[in-house]
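Given the structure is predicted, the values throughout are model-derived calculations rather than measurements.
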Amino acid sequence: MKSLPKKKFQETDINSQFQSAIQDLNLAPKIINFYSRYSELKNIENWIFNQNTRLISVLGTSGIGKTTLVKKFVDSNLQKFELIIWKSLKYPKSLPLLLNDLLQVCQEEVK
Ligand SMILES: Nc1ncnc2c1ncn2[C@@H]1O[C@H](COP(=O)(O)OP(=O)(O)OP(=O)(O)O)[C@@H](O)[C@H]1O
Ligand SMILES: [Mg+2]
């Protein structure tokens with residue numbers, strides 16, 4: 001039986017460590033090599049942790065490294081989030097089905 005961490009995410013909790021955080025990263029690629037894009041990584045960290053940005057689009061031509069950058073960010077900051085779910089919208093389900101999937105991940109953790 002698992003339980004959700006009691007502590008809720010707040011701006012002041014930026015350096016908190018979520019020991020029992022929920023992570024659904026089954027569909028995420030494994031990053032073995034990561035070159036050059038440290039300034040982009042810093043930008044994402046700054047937008048999320050300092051500027052409280054809620055939505056970020058990472059855009060660019062195919063193969064330029066968007067997925068790698070985002071997964072590297074996730075790997076580097078796993079314990080700063082209470083909940084992480086990696087989803088591909090390449091072949092999207094309807095919104096109700098997608099929401100159902102997301103909620104199920106949360107519910108499984110509190111059973
Ligand atoms: N910073 C990086 N260091 C090392 N390898 C990288 C880096 N960025 C990308 N790659 C490699 O380049 C390839 C393409 O990267 P990635 O899948 O992240 O691109 P993408 O922009 O998400 O592509 P797509 O638009 O097709 O989804 C992968 O094999 C990845 O390992
Ligand atoms: Mg990609």
Side-chain angles (χ1 to χ4, degrees):
M1 182 164 127
K2 295 178 183 173
S3 61
L4 281 168
K6 290 192 178 80
K7 205 170 183 186
K8 290 291 170 198
F9 183 85
Q10 295 168 353
E11 279 178 71
T12 49
D13 287 331
I14 281 316
N15 294 314
S16 298
Q17 305 262 304
F18 288 108
Q19 302 296 345
S20 52
I22 301 167
Q23 289 153 10
D24 177 2
L25 290 167
N26 296 330
L27 297 177
K30 192 170 184 169
I31 305 304
I32 296 162
N33 298 312
F34 184 80
Y35 302 115
S36 300
R37 300 219 179 267
Y38 290 98
S39 67
E40 289 87 345
L41 200 56
K42 280 276 156 225
N43 275 342
I44 295 178
E45 288 174 354
N46 184 36
W47 289 333
I48 291 180
F49 298 132
N50 300 329
Q51 298 183 28
N52 207 25
T53 305
R54 294 301 190 197
L55 177 66
I56 296 171
S57 295
V58 180
L59 306 173
T61 48
S62 181
I64 205 166
K66 303 177 294 293
T67 299
T68 303
L69 175 65
V70 173
K71 181 57 171 22
K72 179 70 179 176
F73 166 78
V74 169
D75 289 345
S76 307
N77 294 285
L78 281 176
Q79 293 188 318
K80 293 183 185 164
F81 292 92
E82 194 173 1
L83 172 65
I84 301 174
I85 302 175
W86 185 283
K87 281 276 173 200
S88 169
L89 298 179
K90 196 166 186 179
Y91 305 106
K93 294 179 173 181
S94 67
L95 185 58
L97 286 176
L98 176 64
L99 286 175
N100 195 47
D101 281 0
L102 298 176
L103 290 172
Q104 209 155 355
V105 174
C106 304
Q107 282 169 355
E108 275 168 19
E109 296 295 326
V110 291
K111 272 180 198 167

Between [atom1] of [X] and [atom2] of [Y], what distance do you get to the nearest 0.5 Å?
{"X": "I31", "Y": "T68", "atom1": "CD1", "atom2": "OG1", "result": "4.5 Å"}
{"X": "L25", "Y": "W86", "atom1": "CG", "atom2": "CH2", "result": "8.0 Å"}
{"X": "Q107", "Y": "I22", "atom1": "CD", "atom2": "CD1", "result": "10.5 Å"}
{"X": "Q23", "Y": "D75", "atom1": "CD", "atom2": "CG", "result": "9.5 Å"}
{"X": "S39", "Y": "I44", "atom1": "OG", "atom2": "CD1", "result": "10.0 Å"}
{"X": "L69", "Y": "L41", "atom1": "CG", "atom2": "CG", "result": "6.0 Å"}

salt_bridge(K87, D101) N-O dist < 4.0 Å: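 Judged by the 4.0 Å cut-off on N to carboxylate O distance, K87 and D101 do form a salt bridge.
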Are [Y] and [X] linked, directly or through intermediate hydrophobic residues, by side-chain heavy-atom contacts shorter than 4.5 Å (ILVMFWY only)?
{"X": "Y38", "Y": "Y35", "result": "no"}
{"X": "L103", "Y": "L98", "result": "no"}
{"X": "L97", "Y": "L89", "result": "no"}

Check: I84 and L78 side chains under 4.5 Å, non-hydrogen atoms: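 Yes - at least one pair of side-chain heavy atoms lies under 4.5 Å apart.
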Check: F73 main-chain N/O paired with N77 side-chain donor or acceptor under 3.5 Å: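 Looks like yes, one N/O pair under 3.5 Å.
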Atom of K30, atom of K71 and distance for their closest heavy-atom approach: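 The pair with the smallest heavy-atom distance is CA-NZ, 4.4 Å.
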Nearest heavy atoms of C106 and L83, plus distance in Å: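 Smallest heavy-atom distance, with atoms named: SG-CD2, 3.8 Å.
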Check: F49 ring centre within less than 6.0 Å of F81 ring centre: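 They qualify: ring centres under 6.0 Å apart.
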Salt bridge (charged side-chain N to carboxylate O under 4.0 Å, His left out): pairs with one or both residues in residues 36-45, sequence neighbours excluded: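 Sorted result for residues 36-45: R37-E40, K42-E45.
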Please set out all donor-acceptor pairs under 3.5 angstrom arising from side-chain atoms of residues 56-64, sequence neighbours excluded.
none

